[in-house]
**Q** 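Here it is: the structure, laid out below.
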Number of protein chains: 2
Amino acid sequence: MKKTTIHEIAKALNIDSSTVSRALNDSDRVKAKTKKRVMDKANELGYTRNMLASNLRRNRSNTIGVVVPRISRYFFSSTIAGIEEMAYQAGYNVIICQSLEEVDRERKIISNLMANRVDGILISVSMETQDHSHLTACVENGTPLVFFDRHVAGMKHTGKVLIDDVRGGFEATEHLIQKGCQKIVHLTAPLDVEIYKNRHEGYRQALEKYNLDYDKNLVLVSKLSKADGNRLAAKILKELDGVDGIFSANDLAAIGVMDYLKSTGVKIPEDIAIAGFSNEPTSAVIEPSLTTVDQSGEEIGRLACNLLLDYFENGNTLVNDRTIMVQPKLIVRDSTKRK
Amino acid sequence: MKKTTIHEIAKALNIDSSTVSRALNDSDRVKAKTKKRVMDKANELGYTRNMLASNLRRNRSNTIGVVVPRISRYFFSSTIAGIEEMAYQAGYNVIICQSLEEVDRERKIISNLMANRVDGILISVSMETQDHSHLTACVENGTPLVFFDRHVAGMKHTGKVLIDDVRGGFEATEHLIQKGCQKIVHLTAPLDVEIYKNRHEGYRQALEKYNLDYDKNLVLVSKLSKADGNRLAAKILKELDGVDGIFSANDLAAIGVMDYLKSTGVKIPEDIAIAGFSNEPTSAVIEPSLTTVDQSGEEIGRLACNLLLDYFENGNTLVNDRTIMVQPKLIVRDSTKRK
DNA sequence: AAATTTAATACAATCGATTGTATTTAATAT
DNA sequence: ATATTAAATACAATCGATTGTATTAAATTT
């Protein structure tokens with residue numbers, strides 16, 4: 001299907017295509033009357049600007065690339081919603097990609113986004129990501145990069161929108177302690193992922209503040225899936241004695257734990273109190289409802305996107321490694337409600 | 001930041017850029033040795049193909065546009081995940097847009113996607129969408145269109161991936177009847193939206209089959225938000241007498257209803273049994289867990305994307321108005337578990 | 001009315017890759 | 001060794017819009 005071009009409009013009006021282009025872009029080098037003639041003819045012929053051509057010429061794509069581990073995870077889908085919202089307002093398109101937690105895929109995605117000359121990339125890195133060469137290559141190539149949530153520590157010339165995970169971990173743990181817990185298990189993912197490292201650090205600091213021993217046997221590492229939660233709950237009951245609190249680095253695993261504990265008759269929160277992290281929609285609804293740390297995905301998405309848009313306009317913020325720290329909020333619910 | 005082009009590779013090797021282009025595309029018009037030299041030089045110079053230029057020349061964008069009402073709704077985010085998965089495998093990018101249920105926005109989005117010359121569009125239309133001119137324009141313009149879930153009935157030359165909503169509505173209602181419900185309220189959204197019309201039709205057919213009267217006072221129309229569920233539950237208790245079953249056209253409203261009923265001491269399912277539609281993750285977790293109709297988002301996304309990809313390859317399926325009907329599955333849970 | 005300034009438009013190159021045709025080089029047949 | 005065919009590469013136009021410079025037309029000044 002052949003689409004109308006500015007050249008056809010030009011020919012129809014017997015003027016030059018450069019004038020048509022300027023008319024359509026509302027340049028003041030074209031007089032009002034001509035603009036109107038061009039607009040009318042454009043409508044008549046059903047013209048829509050070919051952005052591929054426009055972008056090529058202007059050497060920008062008007063597009064932002066977004067990379068998340070998994071689109072369907074609530075936190076990420078709400079982040080995306082926030083990003084899209086901001087980008088839309090600013091006239092940008094958003095290409096969404098999911099790494100599915102695989103670095104190889106992440107690598108390919110980045111190179112694809114670069115080939116498509118996206119104006120910038122927003123990324124929450126995969127759990128597997130240890131080698132960051134694809135990301136540094138990106139920056140060296142001049143594509144601005146903004147991390148949100150899962151980031152790479154110490155990477156220069158990038159923006160970051162992070163949740164204060166240390167604080168979140170601290171507050172959740174402190175809350176458990178204040179509710180009387182003395183032996184608190186921490187469920188986490190590999191500690192070389194920044195966010196988990198930090199939540200763990202918050203956990204440690206809280207124990208320290210209240211003079212509780214840090215016992216590394218109480219720190220259980222997994223992928224934090226619901227099944228992991230199930231499995232680890234069984235392990236806790238069988239192998240660890242006297243555990244009275246669990247702080248899980250995400251809600252999913254916490255819910256897995258709760259399911260298992262409920263099925264075995266353990267009382268929550270009386271026997272074991274539980275706190276999660278993320279505030280998944282499910283957590284408000286499960287019984288007992290789950291105490292958790294809220295991190296507003298939409299807000300983080302908006303902030304990350306704004307950081308990038310700001311860079312497009314002013315151009316000097318990212319090179320200063322701007323980091324925006326979002327304060328998480330402890331949501332106290334029934335899973336820790338002891339008097 | 002200046003990026004390497006094929007011309008620079010060509011100059012460095014003292015050959016023509018057309019040969020470089022062919023070498024990079026593995027054309028058999030270039031001999032193996034030359035290909036190797038080109039590849040090596042490309043790596044050396046850090047070349048990445050400019051897809052903007054390539055796409056312009058080849059008059060395609062390698063991109064699929066996706067329009068959903070709201071990204072963060074679980075059903076849609078899982079659809080997107082399915083779409084992205086398929087598109088990625090086939091080497092396509094996915095531009096995601098959310099209409100936020102506003103037609104105006106939907107209209108702008110479509111025109112933007114066309115300007116970006118996406119190769120095809122996958123859309124689940126907004127609730128507001130009554131005037132379809134922007135969609136027909138799209139088709140007339142030669143951009144293939146595939147609807148999923150929320151579609152426009154009778155639109156020619158488009159593909160459709162639909163859930164058999166009539167059947168889903170029927171099964172949910174029949175199940176309530178078999179559980180002894182005699183006076184069943186149906187919560188729905190405006191009936192000019194196809195999916196709601198069809199779920200309602202299933203409801204009606206089930207009543208008919210079991211010789212129950214269809215009473216239009218029992219059909220409550222709203223936007224099906226959680227708040228709507230709350231409000232309508234109050235209304236049901238106050239204004240309608242003897243209601244013993246509720247079939248809600250989505251889970252969200254059903255959950256709103258449950259919250260309200262639980263707070264007023266109404267027993268679920270003993271006093272009122274409840275069935276929803278969509279199988280949101282929350283529904284498995286709420287207490288009592290919610291009986292609902294499952295529609296696998298990922299599956300629908302994959303099917304819709306495949307329909308489009310198939311059209312790209314074979315080119316003659318959409319004009320036959322291919323419709324793929326996905327069978328929903330009733331998930332029986334505690335909210336209807338009477339003996 | 002001629003000279004100068006300004007407004008409006010036309011010309012032509014360009015963005016980076018692709019592709020049909022032409023040319024050169026190498027391989028095979030006579 | 002020459003003619004014929006095939007392989008490899010070069011040339012040049014093109015995709016559709018943008019933009020710096022040149023030109024023409026109109027407006028203003030002297």
Side-chain angles (χ1 to χ4, degrees), chain A residues 1-39 41-42 45-63 91 112 114-119 141-142, chain B residues 1-39 41-42 45-63 91 112 114-119 141-142:
Chain A
M1 196 92 38
K2 194 70 185 56
K3 269 124 184 172
T4 314
T5 71
I6 54 170
H7 303 290
E8 299 169 62
I9 298 178
K11 196 172 293 169
L13 296 175
N14 213 28
I15 58 177
D16 191 80
S17 60
S18 61
T19 302
V20 173
S21 172
R22 291 194 166 95
L24 292 170
N25 284 306
D26 202 24
S27 156
D28 50 13
R29 280 175 60 175
V30 178
K31 79 173 160 201
K33 203 172 121 198
T34 310
K35 279 183 193 169
K36 173 132 178 44
R37 287 175 62 216
V38 170
M39 295 297 189
K41 184 58 78 177
L45 300 178
Y47 171 82
T48 44
R49 174 199 262 106
N50 186 329
M51 293 306 285
L52 294 176
S54 171
N55 289 338
L56 171 61
R57 181 58 231 251
R58 301 191 310 164
N59 198 33
R60 60 209 299 288
S61 63
N62 236 269
T63 301
N112 172 253
M114 306 240 297
N116 278 281
R117 300 292 190 269
V118 293
D119 299 329
N141 214 277
Chain B
M1 195 90 40
K2 195 69 187 58
K3 268 125 186 171
T4 314
T5 70
I6 53 171
H7 303 290
E8 299 169 61
I9 298 177
K11 194 172 293 168
L13 295 176
N14 212 28
I15 59 178
D16 191 81
S17 60
S18 61
T19 303
V20 174
S21 172
R22 290 194 168 95
L24 292 170
N25 285 305
D26 201 24
S27 155
D28 49 14
R29 280 175 62 175
V30 179
K31 80 175 160 200
K33 202 172 123 203
T34 311
K35 279 183 194 170
K36 172 132 179 39
R37 287 175 62 217
V38 170
M39 296 296 190
K41 186 56 80 176
L45 300 178
Y47 171 81
T48 44
R49 177 199 261 102
N50 186 329
M51 292 307 284
L52 294 177
S54 171
N55 289 337
L56 170 62
R57 181 59 231 251
R58 303 191 310 166
N59 198 34
R60 58 209 299 289
S61 63
N62 236 270
T63 301
N112 172 254
M114 306 239 297
N116 278 280
R117 299 294 189 269
V118 293
D119 298 330
N141 215 277

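Reminder, nothing fancy here: chain letters follow the sequence lines and each chain counts from 1. Values below: every heavy atom of this structure, side chains too, minus hydrogens, waters and symmetry copies.
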**Q** Would you compute the distance between atom OG1 of Thr63(B) and atom CG of Asn55(B) and round it to the nearest 0.5 angstrom?
**A**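 Here the interatomic distance stands at 6.5 Å.
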**Q** If the sugar-phosphate is the primed atoms plus P, OP1 and OP2 and the base is the rest, what is the B/S/- string for nucleotides 9-18 of chain C, using protein heavy atoms under 4.0 Å?
**A** BBBBBBBBBB
**Q** List for me each residue that meets salt bridge (charged side-chain N to carboxylate O under 4.0 Å, His left out) alongside Lys31(B), sequence neighbours excluded, and say none if there are none.
**A**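 Lys31(B): no salt bridge (charged side-chain N to carboxylate O under 4.0 Å, His left out) contacts found.
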**Q** Can you name the residues that form a side-chain contact (heavy atoms from CB on, under 4.5 Å) with Asn50(B), not counting sequence neighbours?
**A**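 Listed in chain order: Leu56(A), Arg117(A), Leu52(B), Ala53(B).
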**Q** Who passes side-chain hydrogen bond (donor to acceptor under 3.5 Å, both in side chains) against Arg49(B), sequence neighbours left out?
**A**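 Arg49(B) satisfies side-chain hydrogen bond (donor to acceptor under 3.5 Å, both in side chains) with Asn25(B) once adjacent residues are dropped.
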**Q** Who passes side-chain contact (heavy atoms from CB on, under 4.5 Å) against Ala115(A), sequence neighbours left out?
**A**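 Once residues adjacent in sequence are excluded, the partners of Ala115(A) under the side-chain contact (heavy atoms from CB on, under 4.5 Å) criterion are Met51(B).
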**Q** Grab the NZ-C1' distance between Lys11(B) and dT9(D) for me, whole Å please.
**A**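 Those two atoms, NZ and C1', are 18 Å apart.
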**Q** Residues in side-chain contact (heavy atoms from CB on, under 4.5 Å) with Arg22(A), at least two apart?
**A**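 Result, side-chain contact (heavy atoms from CB on, under 4.5 Å) vs Arg22(A): Ser18(A), Ser27(A), Arg29(A), Val30(A).
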**Q** Could you work out, with side-chain hydrogen bond (donor to acceptor under 3.5 Å, both in side chains) as the rule, every residue matching Lys35(A), not counting sequence neighbours?
**A**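 side-chain hydrogen bond (donor to acceptor under 3.5 Å, both in side chains) check on Lys35(A) returns Asp26(A).
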**Q** Got a sec, which residues hit side-chain hydrogen bond (donor to acceptor under 3.5 Å, both in side chains) with Arg60(B), two or more places apart in sequence or on another chain?
**A**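 Expected list: Tyr92(B).
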**Q** With sequence neighbours left out, write down each residue that passes side-chain contact (heavy atoms from CB on, under 4.5 Å) with Thr4(A), or none if nothing qualifies.
**A**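 side-chain contact (heavy atoms from CB on, under 4.5 Å) check on Thr4(A) returns Glu8(A), Ile9(A), Leu45(A), Tyr47(A).
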**Q** Nearest-Å distance, CG (Asp28(A)) to C1' (dT6(C))?
**A**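 Checked: the CG to C1' distance equals 13 Å.
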**Q** Which residues pass the side-chain hydrogen bond (donor to acceptor under 3.5 Å, both in side chains) test with Lys3(A), sequence neighbours left out?
**A**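 Per chain and number, Lys3(A) pairs via side-chain hydrogen bond (donor to acceptor under 3.5 Å, both in side chains) with no residue.
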**Q** Considering the terminal five base pairs at each end of the helix from dA1(C)-dT30(D) to dT30(C)-dA1(D), what angle separates the two local helix axes, rounded to 10°?
**A**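 Answer for the end axes of this duplex: 50°.
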**Q** Report, one pair per line, the protein and nucleotides 24-27 of chain D atoms (nitrogen or oxygen only) whose separation is under 3.5 Å.
**A**
none

